[in-house]
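Taking it in order: structure first as structure tokens, then the write-up.
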Amino acid sequence: MYRAEQSHWWYQGMAAITRSILEIFYAPGSGLAILDAGCGTGAGLLFLSQYGSVTGLDISPYALRFCSYRGCTQVTGGSVMALPFRAETFDLVTSFDILYFEGIHDEIALKETARVLRPGGRLLIRVPAFDWLRGTHDARVSTAHRYTSKELADKLVEGGFEIEFMSYANMILFPLALLKRFFERWRLTPQQDSDIAVNVGAFSSFLKSCLVLESKLIRFWRLPFGLSVVAMAKKNSFRRSC
């Protein structure tokens with residue numbers, strides 16, 4: 001994952017989409033207090049640092065060690081369901097492809113996120129879309145659930161958030177993914193690794209360019225379907241953290 005986050009087309013393309021959405025609300029240099037909840041090996045910490053002071057949290061000590069290799073030292077171990085921070089600590093919490101994992105109770109995690117956000121603070125969240133799209137990749141990465149936009153919206157509202165932005169993402173490549181899922185069911189030899197480990201060679205430049213194009217479109221149009229759901233949600237002004 002450490003190497004993939006540096007060079008893989010999916011990570012680079014989704015980072016472009018993430019920046020595009022983030023900059024609807026915040027300019028670089030905004031001086032935010034940011035928590036990347038589920039930071040993995042720390043690639044997100046690097047670009048988020050352009051917007052303020054970033055703290056990374058991950059449950060894996062192994063992943064946190066790789067964060068230090070990137071020069072990211074403001075990291076801590078912990079669960080997104082029991083964040084080890086005081087109430088109203090952060091202006092922005094990010095959650096990139098975390099809530100869908102087995103063992104994570106998404107409603108508890110969202111309420112914990114609201115607790116550590118300051119009044120008016122925001123959550124930028126991304127989750128995989130459509131449970132009927134489950135395939136070999138999901139089995140390899142321990143996916144518990146894939147979401148629709150309505151389902152994520154309902155959970156955000158229940159968790160104490162007002163939705164300011166919501167869209168599907170990775171729409172252009174949706175037909176290719178659908179075709180791949182179809183053929184997976186007929187393969188005699190199952191795919192052994194996640195989709196991230198699949199080498200597509202020179203085709204990776206085309207795949208990345210599709211996501212970069214979407215990063216420009218998504219600022220102006222909400223995409224009606226895709227492989228991910230992305231949302232920016234603001235902590236309810238009437239909600240006070242305990």
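Throughout, residue positions are numbered sequentially from 1 according to the sequence presented.
- Using a 4.5 Å cut-off on side-chain heavy atoms (C-beta onward), Asp91 and Ile34 make no contact.
- Considering OG1 of Thr89 and CG of Leu35, their distance stands at 9.0 Å, rounded to 0.5 Å.
- If you take CZ on Arg219 and CD on Glu23, they are separated by 6.5 Å, rounding to the nearest 0.5 Å.
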Is there a side-chain contact (heavy atoms from CB on, under 4.5 Å) between Leu123 and Ser95? Walk through the geometry before answering. CA-CA 8 Å; Leu123 165 65; Ser95 175; 4.2 Å; yes
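- Summarising the geometry of Ala114 relative to Gly159, their closest heavy-atom pair is CB-O, 3.6 Å, with the distance given to 0.1 Å.
- Here Arg115 pairs with Glu112 in a salt bridge; the nearest charged N to carboxylate O distance falls below 4.0 Å.
- Counting only N and O atoms by type, the side chains of Arg126 and Thr18 include a donor and acceptor under 3.5 Å apart.
- Residue pairs meeting the side chain to side chain donor-acceptor pair (under 3.5 Å) criterion with at least one partner in residues 221-234, sequence neighbours excluded, do not occur; the list is empty.
- Interatomic distance, Ser167 OG to Ile21 CD1, rounded to the nearest 0.5 Å: 6.5 Å.
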Leu32 vs Leu48, test: side-chain contact (heavy atoms from CB on, under 4.5 Å). Steps then yes/no. CA-CA 10 Å; Leu32 305 172; Leu48 287 170; over 6 Å; no
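- Considering only heavy atoms from C-beta on, Ile163 comes within 4.5 Å of Met166 through its side chain.
- Residue Leu22 holds its CG atom at 9.0 Å from OG1 of Thr94, rounded to the nearest 0.5 Å.
- A donor-acceptor contact under 3.5 angstrom links the side chains of Asp106 and Tyr147, judged on distance only.
- With 3.5 Å as the limit, one finds no donor-acceptor pair spanning the side chains of His145 and Glu102.
- The aromatic ring centroids of Tyr168 and Phe130 lie less than 6.0 Å from each other.
- Of all heavy-atom pairs spanning Cys72 and Gly42, the tightest one is SG-O, 4.2 Å.
- Looking at every heavy atom in both residues, Val75 comes nearest to Cys67 through CG1-CB, 4.1 Å.
- Residues Phe85 and Phe90 bring their aromatic ring centres within 6.0 Å.
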Stepwise side-chain contact (heavy atoms from CB on, under 4.5 Å) check, Asn170 with Trp10: CA-CA 9 Å; Asn170 204 342; Trp10 185 88; 3.7 Å; yes
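- Using modelled atom types and a 3.5 Å distance limit, the side chains of Arg70 and Thr41 yield a donor-acceptor pair.
- Distance check, rounded to the nearest 0.5 Å: CZ of Arg19 to CE of Met14 gives 12.5 Å.
- Summarising the geometry, atom SG belonging to Cys39 is positioned 13.0 Å from atom CZ belonging to Phe66; distances are rounded to the nearest 0.5 Å.
- Side-chain atoms of Leu110 and Lys155, non-hydrogen and from C-beta on, do get closer than 4.5 Å to each other.
- Counting only heavy atoms from C-beta outward, the side chains of Ser20 and Ile17 never approach each other to under 4.5 Å.
- In plain terms, the two heavy atoms of Ser149 and Val229 that are nearest each other are CA-CG1, 3.9 Å.
- Put simply, the side chain of Pro128 does not reach to within 4.5 Å of the side chain of Arg134, judged on heavy atoms.
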Run the side-chain contact (heavy atoms from CB on, under 4.5 Å) test on Val116 and Val93 for me, step by step, so that the C-alpha distance in whole Å, both residues' side-chain angles and the decisive distance to 0.1 Å come before the verdict. CA-CA 9 Å; Val116 301; Val93 175; 4.1 Å; yes
